[in-house]
Structure formats: structure tokens, C-alpha cells
There are 2 protein chains.
Amino acid sequence: MRIVVDAFGGDNAPLEIIKGSALAEKEYGAEIILCGDEAIINNCIKENNIVFNNLTIVNATDVISMHDEPTSLLKAHKDSSMAVAFRELAEGRADAFVSAGSTGAVVVGGTFIVKRIKGIKRPALAAMLPSPTSHYMMMDIGANAECRPEMLEQFAIMASKYLEKVEGIENPTVGLLNIGTEETKGTELQKEAYKLLENCGVNFVGNIESRELPTGACNAVITDGYTGNIALKLIEGTATTLFSMLKPVFLKNIITKLCYIILKDGLRGLKNKMNASEVGGAPLLGTKKPVFKAHGNSDAFAFKNAIHKAMLFAQNEVISSIEDCFSEKDN
Amino acid sequence: MRIVVDAFGGDNAPLEIIKGSALAEKEYGAEIILCGDEAIINNCIKENNIVFNNLTIVNATDVISMHDEPTSLLKAHKDSSMAVAFRELAEGRADAFVSAGSTGAVVVGGTFIVKRIKGIKRPALAAMLPSPTSHYMMMDIGANAECRPEMLEQFAIMASKYLEKVEGIENPTVGLLNIGTEETKGTELQKEAYKLLENCGVNFVGNIESRELPTGACNAVITDGYTGNIALKLIEGTATTLFSMLKPVFLKNIITKLCYIILKDGLRGLKNKMNASEVGGAPLLGTKKPVFKAHGNSDAFAFKNAIHKAMLFAQNEVISSIEDCFSEKDN
């Protein structure tokens, strides 16, 4: 299993990315291909005593940043570490791709370098979010701000396949994010999508109101990328704000301060769980080969997990099962 | 100041609605007109020893429920307590309207019985939400699932006027809910609305990401009703879920349980603050007379506050200042 890694994507690149890659090699036997400035990578490995048994480095001195236009990946930044990594995947020298870099650029690279599965209108990002007891998928979380009903139908099919194959959830429940449970609720997009979701072969459980979203009321929540992105960041923002509002409760007096010291670890665990927002990043579904977006602020541990998810994505025939669905549909 | 009250709207009607109305009479000198089944109202007043000095009851034996089509207010339920209350307002026998009943029906009654201000495309609901230090307005929270850019522009102008006149905020900051801070972000709706908001005379501070929303980053957050409703309920749902996730932290051992007992009151206060979701309900802005939607689960105290807000709404010339804006615009 050859995993190509954009060594210069993300807030903690390249050190944490390289460290995480080495951990994934050790723990899961991933064969790592690092894309990025060879001199810097080698230096970083040496200085930090990082051990690889079998590492390939593909040199790329340019980097695409969060501030660059995502489409610049195809022109101005076509020699960036991310673009080079995408070509390793597209040209068959790797089995899966992982980057913690610009989300927009990952979507562009997936769509135009790796290319779409035949019949798929637009690839989309499917994040795993924490619920009290487990986690749930939300798709799309921002690849496509504007969506048509048929796109939401395709998201539902792809999300179901991924959850079955990678997360091992049999017949996953699929809900449509909406402002009421009745099928007449929402905008034209939701009303039309509701009808399509009822008849596309997924385990559709109807509309899910956002109030139920954080409880993990269904395995996959389908939405357009604008709403999904709003929801994703709002869950994170609400959790952060609530924790900040807990402070005065603990600062009230000496006894409540003592309570804080006692509860600190538990609270921190909960905060981390909510703040990570996405459990280990998000697969881009709908491309011909496995593209995985790690969280932008991934540390080595989070990046190792992202590589692991990308390996499961590649191993479990998610893409061939999606291809099967859509080749049947086309014929 | 004559306030007409839909005595049979909301989860706790009629008892808490009637109690709250009596409190508002006593505390703010509101002259209350209760609409609903006269016999039940009189009975309720007697049985609970509720004191009014100057009460008018307008009989209406029908009730519109949360499950009825909102537009049925105009036909099948045209003699419901809410419809009758709307006519009291529209025909000049009251200065402001308050209901804790069906949100959809309130929007329908405001739009078609009270009618729109000349030049206003669609009235919309503007809720006040709690922030750590104060509160902020979000508009629209669900009156119009589908919006056009010019509607968002009008929401921004109306929200600004309301915050100035009722909340006493000078030159309130207005943000556009979006998935990034750059003006090129979002769907066509946000991109077009951004341009309009820049030039409509409000104190526009640009796009607000949902992550910043709960912090109260600006005084008024403008959005379409679909997204606003999703956001409103997601903040509430995330807070509820987080509090449920706090439980295991406190149940860990005997000492953490003791901490819970010590912190209980502070935590409950915080929970209530977040769960109320809307601070005292939401004005419907854009109608010719003041229409105020109280929270569906209002108790007497919350309903009293809603009446107070409705009085401020009527007293402070919000509507005439909105009318001035749009008559200037039209000419």
C-alpha cells in the first residue's frame, strides 16, 4: 500500500507530517512517498531522528498555501508539493493520497488531476464528526457551495458505500439536513433531493433537523457544501464558546476552582473531542482514486490516523463499489 | 399601549400566557387584549387567582396548532385565536401583537393580515441569541427558506433599525453569514448580497464565519431563513449534546460527583442561557405593525418579557423608521 503524502500541507508541515508518516509506516506498514522540497525533508528527518525503513521522496520546491486560489494548483502552482503528489496518485505510482493542505486545492486536484468517477457530477468531502456515543458522517462539508438535487443523491450513495466499506456499518442510515421533518420543508433543493433520496437505494430515514445533528441521529447526514460548512464550523464554534462560558462558573470561588483542578482532565478530553471537529479528516468521494484530506492543524498522531483512514479507503474497494453503482445507473 | 395576545399559542398555553400577560400589565402597564375561548380564559383566571386591572377578552374558540399548514390561518383557521388577534392589530384595536404559537402561522398572519411595509419584499424573523458577554441578532431564522439577494439587503436595513431603536445600539455592526471571509465566498446568494450590503447604508463588517457566530462577533448576522434556522437549532443542539457529554466527566467518581453538586447552579444557569436559544423571542420585521413571536415553550416569565419587547418595538418607532428608509429608496 503506497501512500503519497503532501509533506508541505497543513499548519504543522513539514515536521508533524513527516513524523506522522513515519508512525504510519511503522504501525500500519504504509509505504510512504513524501512530496516536497527534498533538502528540507531530509534535513527535517535527520534533525529529528525520524526513522523510515522504505521512504521515497519526490522533489517539489513550490508550495500552495491556504491563501492561494485553489485552481492555481493546475497552473501557477502545478509544481507544488500537493500537485506533484496528486500526479503520483493519478499516474499510478501511489494507491492513496493524503494532504493536510488547502481544502479547496485538494478538491481541485482530486477533480481535475485524479479525475471523477464516470457518472459522478462533483466529488465532495465527507467528514466524520464526533457524537456522544460514536461519530457520524456529514457530506458535503464544503467542496461544492452550490448543489443540485442530483448531486445530493450521489453524495448519499457515496457516503453509504464509504460507511459500509471503511467503517463497517451495515446498511447505514442516511438523513437529509433540513429545517423540519416533513418532506415539504426546506428550499427547492431539499424538496427535490428528498424525493431522489427516497428512491436511490440508500437507507433513507428522512429529514434530520440540525438540533438532532450533534446527537448522531443517523450515520450519514447529506447536505450541500455551503450548509455543511456552516454546520461543521458552527458545532466547533459553539463548543469553543460554551467552554469559554464555563470558565466563570469555575472561577466563582476557591471551592469551584478546586473543582476545576479535579475535573480538568475530563474537561480537556471533551474539549479536544469537540474541537477536533472532524475525526481524523475527510475523504474526498467521487474521484477515481482515494484522496484523503487530513485536518489542517494535524499533529503527527492525527496525520498518522489520516494515513490509516486513507489506507482503509484504498483497501476496501470503496471506489470500485461506487463505480459499480454508477455504471449500472448509466446503462 | 394595547397589546393583543394569542392566548392559545405555545406549549404552555393558555395558563402561562395568561399569567405572563397579567405580569406584563402589572410591571409595564400594558393594556392586555386576550384572544381565545372566553369561557376557558375566565375559568383559568379564576382558578389560578390571576389579577388583571383592565382586561379585554376577544372570543375565539378555534386554535391553529403547530401541525396545521401555516396558510390555513387565512382560511380553515381564520377564526382561531391567532387569526382573531392579528385582526385586532390590523384593524387598529391594538398597538402590538404577541404569540407563542406556530412560527409559520405568525409569518403568514403578519404578511397577509397585518401586511407588509411598502417596498418590503418579505417580512422576516429576527431572533436575539445569547453570546458570552451579551447577545446578537440573527435574521432571518426561518420565515423565508428561499431568499434573493435583495431580501438579505432589506433584512440588514431592518435589523439595523431595530437594534438602534429597541436595543439602543448605535450604528450596529452587520455581518453576512458565510463560509469564508473573502467576498468571493459562498453561493451566488452570498456573493450578490455582499455587494448589496456594502452599499445599503448599514455598518457592514463583511462575512462572518459560523465558527465566530456564537461569540457575538457582530450585532446582526444576516442570512437566508433556511441557513438561519439550521444555525439557530444547531447552536441549541450542540449545547444540549455537550451538556449531556459533561455528565460522564462528573460521574467518574465520588469526588467528581461532589464537584457536580457544588457547580450545579452555575451549570444550570449556563444551560438555561444556551437552551432558551432566543433571548425572549423574535420580532417579525417588515410588517406595517409590530408582530412579536415569543418562544414556543415560553413560561409566564418569558412571555412577560416578550410582551415587554413588543412594547419597546411599538414605542420606539422602528416601523416608521423602516418605512422612511424604503420610501426614500422607492423615490
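A note on names: the letters A, B, ... follow the listed sequences, proteins ahead of strands, and every chain is numbered from 1.
Proximity to chain A (any heavy atom under 4.5 Å) is shown, for Thr133(B), by neither the backbone nor the side chain. Residue Ile230(A) touches chain B through both its backbone and its side chain, counting heavy-atom pairs closer than 4.5 Å. For Leu258(B), no part sits under 4.5 Å from any heavy atom of chain A, backbone or side chain. Heavy-atom distances place the side chain of Thr227(A), and not its backbone, under 4.5 Å from chain B. There is no contact between Leu189(B) and chain A, counting heavy-atom distances below 4.5 Å. Neither the backbone nor the side chain of Asn144(B) comes within less than 4.5 Å of any heavy atom of chain A.
Put simply, of Gly269(A), Gly186(A), Cys259(A), Gly225(A), the one with the most heavy-atom pairs under 4.5 Å next to chain B is Cys259(A). With respect to chain A, the highest number of heavy-atom pairs below 4.5 Å among Ser244(B), Gly180(B), Gly237(B), Pro214(B) belongs to Pro214(B). Ranked by non-hydrogen atom pairs under 4.5 Å with chain B, the options Val249(A), Leu213(A), Asp265(A) are led by Val249(A). The candidate with the highest count of non-hydrogen atom pairs below 4.5 Å against chain A, out of Ile262(B), Thr256(B), Asn178(B), Leu263(B), is Leu263(B).
In this structure, Ile235(A) CD1 and Thr238(B) OG1 are separated by 5.0 Å, a value rounded to the nearest 0.5 Å. In this structure, the separation between OG1 on Thr215(B) and CE on Met245(A) is 11.0 Å, given to the nearest 0.5 Å. Expressed to the nearest 0.5 Å, how far OG1 of Thr241(A) lies from CD of Glu212(B) amounts to 8.0 Å. In this structure, CG in Asn229(B) is found 8.5 Å from CZ in Arg211(A), a value given to the nearest 0.5 Å. Annotation: the span from Leu267(B) atom CG to Phe250(A) atom CZ amounts to 6.5 Å, rounded to 0.5 Å. Rounding to the nearest 0.5 Å gives a distance of 8.5 Å between CG of Leu242(A) and CG of Leu246(B).
Within 6.0 Å of atom NZ in Lys185(B), 12 or fewer heavy atoms from other residues, nucleotides or ligands are found, so the atom counts as exposed in its surroundings. Other residues, nucleotides and ligands contribute at most 12 non-hydrogen atoms within 6.0 Å of the CD1 atom of Ile255(B).
Between the side chain of Glu146(A) and the backbone N or O of Glu188(B), at least one donor-acceptor pair lies under 3.5 Å. Lys233(A) places a side-chain N or O within 3.5 Å of a backbone atom of Ile179(B) that can act as its donor or acceptor partner.
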